[in-house]
Amino acid sequence: MKKFKLGYAPTRRFVFSAEDAFKYKVLIKEKIESFSMDIDIVDLEGINEEGLLYDDNINADRIAERFKQEGVDAVFFPHCNFGTEDTVARVGKALGKPVLLWGPRDEAPLEDGMRLRDTQCGLFATGKVLRRFNVPFTYVTNSRVDDPVFERGFTNFVAAANVVRQFRKLRILQIGPRPASFWTMMCSEGELLERFGIELHPITLVDIQRASRRIEKGNGSELAEAVDDIKAKLDWSEVTEEDVRRIAALKVAMKQYAISTGSTAIAIQCWSSLQDAMGIMPCLANAILTDEQIPVTCETDIHGAITSVMVQAATMNQHPTFFADLTVRHPDNPNGELLFHCGNFPVSMSVEDKPRLRKHFLFDDHSPGTHEGEVKGGHMTLARFDGDHGDYQLFLGKARGIQGPYTRGSYVWVEVNDWPLWEEKLVKGPYVHHSVGIHANVIPALYEACGYIPGLTPDPVDPTEQEIQAWLRGAGL
């Protein structure tokens, strides 16, 4: 995936100090370049002699055109003094990308009583005009360049904008229909396309079976690499060399299909025709691909695949997700819950040096292909995109890993703030028993991203909406 591009459009107004505006243009860019984010910044140098956005409609057209040609994913309008609200709004409207509004806090007036910038006043003006132009935007509290609240707000905005750009380009490779008995996995393909522009690319189990067999019979480098990777990272003593080769071939086939169709996630019918047709379970193949930033969800869970892409994007694709059932309550902890699936959690999360590659524990024929074991705990985000009756929501909550009894499959026990509250919210919907987890706090970024996705409502349980907003304003710094 191409690197995230940010349009940098610092703005000033003619009645305030042009010299101070230019100074802050440089200071702010240097500051955001110092943040630990691997992004490209497209500025206004060459647009005019100052590299600033000001009250000139010709400049607005030229600025919008530059950002379009460069393919920016979001735009930052730092107000280096009062700024030019109508030109900011024109550029924001023309681009249709997430917009960040912020300005550095003003210094005290000069000894003669004059003020150089009046930045805060200009932010009030621009916010109103952006609303007039129907341009959604993110606002970071008026603060100094070195204030931690600016860094927090800026980095969270970029993460949210990355969620939006990947959501707007979502195409999911659907391998097989949902299992007949899994009514919870129903989704409206037409509504996802009409409402959000999300595309599905369906193929049959026969398609993936044929592709896997062709790869398995060959001597391609991708297959050899996948086989070596499995043998190096897992204890495969309970299965055969043929099993390893077949699992590796499935992994390669799914990845090739995803790349060739432009899909960023996969939903597969793992239960239970695939093992009847191929003699393996896809769990480990799913785990390896998820580790490689192509998340795979089980039981043809399309909404789960959507969630996985969003959650992964909120970390700027720095962490893999895991796809889990919300299964049983902890036997001793009233706020504890088991996150489990048959064997699809990324291998990199395992607490063991070499987790076991085993035969499946639920089927009479014991098809191999499950990667079993406990995964690391720590702090994590749990999320779920879901909907019914045309209403879509994004469940958000934080959890931390705790000790719990051994169980089969991939699993981790977690504790939340108030499990009965979670349970009620999840049961009463529009959610199901599946969730997506990640070892990072991405709740504020996902919450902010919903503001740029019409028809999607954030539904945080912990922290609350008010707590998220307070955090974005600098609470806890």
Side-chain angles (χ1 to χ4, degrees), residues 172-177 179 201-300 305 308 320 323 341-348 350 354-363 365-372 409-410:
I172 297 167
L173 177 65
Q174 178 182 332
I175 304 177
H201 186 98
I203 63 173
T204 69
L205 292 178
V206 173
D207 293 324
I208 201 68
Q209 178 189 37
R210 288 173 176 169
S212 296
R213 283 179 177 173
R214 173 180 52 79
I215 292 166
E216 183 185 353
K217 291 177 181 178
N219 294 302
S221 60
E222 283 187 273
L223 176 62
E225 183 180 341
V227 168
D228 291 345
D229 190 54
I230 292 171
K231 290 181 176 180
K233 294 179 179 178
L234 291 107
D235 175 358
W236 57 285
S237 58
E238 296 183 34
V239 302
T240 68
E241 180 92 28
E242 181 184 19
D243 293 331
V244 172
R245 188 174 180 86
R246 192 171 295 166
I247 293 165
L250 174 60
K251 177 262 177 179
V252 173
M254 288 198 292
K255 186 171 184 177
Q256 289 181 352
Y257 257 115
I259 292 171
S260 67
T261 60
S263 301
T264 51
I266 300 171
I268 186 169
Q269 191 212 98
C270 56
W271 187 290
S272 62
S273 297
L274 187 143
Q275 53 267 20
D276 295 335
M278 300 180 64
I280 57 168
M281 288 289 293
C283 306
L284 178 59
N286 298 351
I288 296 171
L289 282 172
T290 301
D291 241 341
E292 294 180 2
Q293 301 280 305
I294 303 176
V296 185
T297 57
C298 311
E299 298 151 12
T300 326
S308 298
F323 179 74
H341 231 281
C342 302
N344 63 324
F345 291 13
V347 178
S348 65
S350 176
K354 280 197 169 186
R356 287 174 291 178
L357 171 53
R358 310 184 73 177
K359 295 183 178 180
H360 199 280
F361 55 92
L362 289 179
F363 292 96
D365 58 359
H366 298 289
S367 297
T370 61
H371 144 239
E372 290 195 37
S410 298

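We're numbering straight along the sequence, starting at 1.
Annotation: the span from Lys255 atom NZ to Glu222 atom CD amounts to 7.0 Å, rounded to 0.5 Å. Going from atom CG of Asp228 over to atom CG of Leu223 covers 9.5 Å, rounded to the nearest 0.5 Å. Note that SG of Cys270 and CG of Leu205 are 10.0 Å apart. Values are rounded to the nearest 0.5 Å. The CD atom of Gln269 sits 9.5 Å away from the CD atom of Gln174 when rounded to the nearest 0.5 Å. One distance of note links NZ of Lys233 with OG of Ser348; it measures 7.5 Å at 0.5 Å rounding. Taken to the nearest 0.5 Å, the OG atom of Ser212 stands 9.0 Å off from the OH atom of Tyr257.
The two atoms that bring Ser410 and Asn344 nearest to each other are OG-N, 3.5 Å, heavy atoms only. Taking both residues in full, the closest heavy atoms of Glu372 and Gly409 are given as OE1-N, 3.1 Å, listed atom of the first, atom of the second, then distance. Pairing each heavy atom of Thr290 with each of Val296, the nearest pair is OG1-N, 3.2 Å. Taking each heavy atom of Ala287 and Phe345 in turn, the nearest pair found is CB-O, 3.3 Å. Closest of all the heavy-atom pairs between Met254 and Asn286 is CE-OD1, 3.5 Å. Residue Thr370 comes nearest to His360 through the heavy atom pair CG2-CD2, 3.2 Å, listed as atom of the first residue, atom of the second, then distance.
In the model, Asp207 has a side-chain atom that pairs as donor or acceptor with a side-chain atom of Thr204 under 3.5 Å.
In this structure a side-chain-to-backbone donor-acceptor pair under 3.5 Å is missing from Ser367 to Met281. Distance alone, capped at 3.5 Å, places no donor-acceptor pair between the Asp291 side chain and the Ile288 backbone.
Counting heavy atoms from C-beta on, the side chains of Ile247 and Leu357 come closer than 4.5 Å. Side chains of Ile294 and Leu173 form no contact here, defined as non-hydrogen atoms less than 4.5 Å apart. Looking at heavy atoms from C-beta onward, Pro179 lies in side-chain contact with Thr300 at the 4.5 angstrom threshold. By the 4.5 Å heavy-atom criterion applied to side chains, Cys298 and Phe323 are counted as neighbours. Residues Val347 and Ile230 fail the side-chain proximity criterion, which asks for heavy atoms closer than 4.5 Å.
Remark: Glu216 pairs with Arg246 by the salt bridge (charged side-chain N to carboxylate O under 4.0 Å, His left out) rule, at least two apart or across chains. Contacts of Glu238 classified as side-chain hydrogen bond (donor to acceptor under 3.5 Å, both in side chains), with partners at least two apart in sequence or in another chain: Arg358.
For Lys354, the NZ atom counts as densely surrounded, since its 6.0 Å shell holds more than 12 non-hydrogen atoms of other residues, nucleotides or ligands. By the neighbour-count criterion of 12 heavy atoms within 6.0 Å, atom CD of Glu225 is sparsely surrounded, having that number or fewer from other residues, nucleotides or ligands.
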How far apart are the C-alpha atoms of Leu284 and Leu234, what are their side-chain angles, what is the distance that settles it, and do they pass the side-chain contact (heavy atoms from CB on, under 4.5 Å) test? CA-CA 10 Å; Leu284 178 59; Leu234 291 107; 4.0 Å; yes
Test side chain to side chain donor-acceptor pair (under 3.5 Å) applied to Ser273 and Asp276, step by step: CA-CA 5 Å; Ser273 297; Asp276 295 335; 5.2 Å; no
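Exactly one residue among Glu241, Arg356, His371 makes a side-chain contact (heavy atoms from CB on, under 4.5 Å) with Trp236. That residue is Glu241.
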